[in-house]
Amino acid sequence: MATPIASSTSISFLSYVSLFLLLCSSKNGYALGGGEKKALQSHFHTVQVNYFLSAFVCSPSTKDKRKGASLKVVHKYGPCSHLHEHNKENAPTVTEILRRDQYRVNSIQSQLSQNSLKESKATTISANSGKSIGTGNYIARIGLGTPKTDLSLIIDTGSDFTWTQCQPCFGSCYPQQDPIYNPSLSSTYTNTTCSSHQCSQLSYATSVAPRCFTNTCFYGINYGDSSFSQGFFGSETITFAPFYVIPNFFFGCGEYNDGLFGGAAGLIGLSRNSLSLVSQTSSKYGNYFSYCLPSKTSSSGHLTLGNGGGNSTGSSLQFTPLLSNSKASSLYFFDIIGIKVSGQTLSIPQSVFKTAGSIIDSGTVITRLPPAAYTPLRTAFRQQMKQYPMTQALSILDTCYDLSKYSTVSIPKISFLFGDNIEVPLAANGILYAGNASQVCLAFAGNTAASDVAIFGNVQQQTLDVVYDVAGGKLGFGSGGCS
Ligand SMILES: *[C@@H]1O[C@H](CO)[C@@H](O)[C@H](O)[C@H]1NC(C)=O
Ligand SMILES: *[C@@H]1O[C@H](CO)[C@@H](O)[C@H](O)[C@H]1NC(C)=O
Ligand SMILES: *[C@@H]1O[C@H](CO)[C@@H](O)[C@H](O)[C@H]1NC(C)=O
């Protein structure tokens, strides 16, 4: 099955898809023979094996299209990161990253099942129910205070709440690369009072009821892996770019923090919750943001607030509806409706994705699919990869190849079909995930239960412009947003 044949549909793909294919083929230098070979190639990425291995030199994207309220986004453990020095010795192994990724997915799944219980019982939130683990892969630098301190913070669409480590570290602070922000040196920091509206919103954003010290609101947040942050709930001026300054942003000034944050100074919450960065800046930026997560650990992307007058990304976008779900109103639900491998739509019954539901998450690394969607994907992929020797599984990844004897590899293209029937092709880095050249794996995993939510993770989002038009209720995708 799934023989790569040129069909008329593959030629009449939406124009941007064809452009994407063209760009890929020229970049990877195909030496095409006859028309037949060309047609066959259009369903495959031919890529250097080295391309999947981490780069060691920072070579920032040359197509930096950032403008407006935009921050540069880099991979936390990559050479372009400010945390690179810090992480040289401490960077987790690929196996460790995948292990933590599974913790995050478990915590999202349990959050979804817990909330249904919680709603029926309408009880108060228990103090130890953790939020999703905030150790995701991508960081952005943001200026905090007046004068500003530049801080590398993890960006997380699965988090409601923004916090950073603060001096004096009354409990303790974990080691971070940037100087620790000191509110007493900033002319724009203010403590939030216990009676404020914002303080009362903390219970939902952190899952822990705030406490009160000398009329100052005190927050605590626990992540599922025993990481935590506690401190004063303050407000401060944040700076995106010289002319993009936001006053009175509410955040956690953490004086007692610990956890696996990889030298980052804290976390930026980008969920739909009222305390997220997106919601707090909605009067100025219209509840709209976009990002591009760079593909290789060596390049850089962007996180941009607002739509910059209609076209902040510069790429042509396709939109799918954003859905809400009462079980987790702050997560970004949308519809995955199908998957194509080498131009062929896999036969997956509609009910499979409908039963589970789907979210997009910047903090989950590997896309998780319902078992009845993952199995046909794996089968089709293995079929197309028959010429390469398979090897042992890498943690949650069960379809791995030993490519150590190859300099290039030809992999079947994969695209995702989303609600309203848009087709989004994945970059080559969104298809394979490498431990090393002798263990290069299909970058997807199956969920355990059919009812577990599907999660479109950050490996698959790489190089796509992803637009969250929260106000307009839609999610946009464009190819080639960064490299
Ligand atoms: C904020 O409140 C805490 C606790 O009352 C206090 O120690 C700290 O000095 C206050 N900070 C400012 C800038 O007022
Ligand atoms: C944005 O601009 C690019 C080029 O500048 C154009 O190709 C694209 O169609 C525009 N997108 C939208 C949504 O207007
Ligand atoms: C890397 O390669 C070696 C074999 O050379 C293998 O034993 C090891 O498990 C591989 N994977 C990772 C993630 O390091």
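Nothing fancy with the numbering, it's 1 onward along the sequence. Note that ligands are numbered from 1 as they come in the structure, with each ligand's atoms numbered from 1 the same way.
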#### Entry: Residue F243 excluded, over 12 heavy atoms near CZ under 6.0 Å
no

### Task
Output yes when the distance from some N or O of ligand 3 to some N or O of T95 is under 3.5 Å, and no in every other case.
no

### Task
Enumerate the atoms of ligand 3 whose separation from the nearest heavy atom of G435 is less than 4.0 angstrom.
13 (C)

### Query
Below 4.0 angstrom, N of the basic side chain to O of the carboxylate: do D160 and R272 qualify?
no

#### Entry: Residue of the set F232, F251, F228, F161 for which ring pair (Phe, Tyr, Trp, His ring centres under 6.0 Å) holds with Y219
F161

Give every pair made of an N or O atom of ligand 1 and a protein N or O atom lying under 3.5 Å apart, one pair per line with both atom names and the distance to 0.1 Å, or write 'none'.
{"unit_1": "ligand 1", "atom_1": "2 (O)", "unit_2": "N191", "atom_2": "ND2", "d": "2.2"}
{"unit_1": "ligand 1", "atom_1": "2 (O)", "unit_2": "T216", "atom_2": "OG1", "d": "3.3"}
{"unit_1": "ligand 1", "atom_1": "5 (O)", "unit_2": "T214", "atom_2": "OG1", "d": "2.6"}
{"unit_1": "ligand 1", "atom_1": "11 (N)", "unit_2": "N191", "atom_2": "ND2", "d": "2.9"}
{"unit_1": "ligand 1", "atom_1": "14 (O)", "unit_2": "N191", "atom_2": "ND2", "d": "3.3"}

### Query
Backbone N or O of D361 within a donor-acceptor pair of the Q461 side chain at under 3.5 Å?
yes

### Message
Under 6.0 Å between ring centres: does that hold for H75 and Y138?
### Response
yes

### Query
Salt bridge or not for D398 and R378, using N-O below 4.0 Å?
yes

### Query
Going by the order shown, which atoms of ligand 3 are within less than 4.0 Å of some heavy atom of S438?
1 (C), 2 (O), 3 (C), 4 (C), 5 (O)

### Task
Check each atom of ligand 3 against the heavy atoms of Q439 and keep those under 4.0 Å away; list them by number with element.
8 (C), 9 (O), 10 (C), 11 (N), 12 (C), 13 (C)

### Task
Identify whether the distance between the nearest side-chain nitrogen and carboxylate oxygen of R99 and D101 falls below 4.0 Å.
no

### Query
Side chain of S279, backbone of L275: donor and acceptor closer than 3.5 Å?
no

### Message
Using heavy atoms and a 4.0 Å limit, tell me yes or no: is V94 in contact with ligand 3?
### Response
no

### Message
Quick check on contacts: which atoms of ligand 3 are under 4.0 angstrom from a heavy atom of L394?
### Response
13 (C)

Only pairs under 3.5 Å count here: list side-chain donor-acceptor contacts from residues 253-270, not counting sequence neighbours, and write none if there are none.
{"unit_1": "N257", "atom_1": "OD1", "unit_2": "S229", "atom_2": "OG", "d": "2.7"}
{"unit_1": "N257", "atom_1": "ND2", "unit_2": "Q165", "atom_2": "OE1", "d": "3.2"}
{"unit_1": "N257", "atom_1": "ND2", "unit_2": "G254", "atom_2": "O", "d": "2.8"}

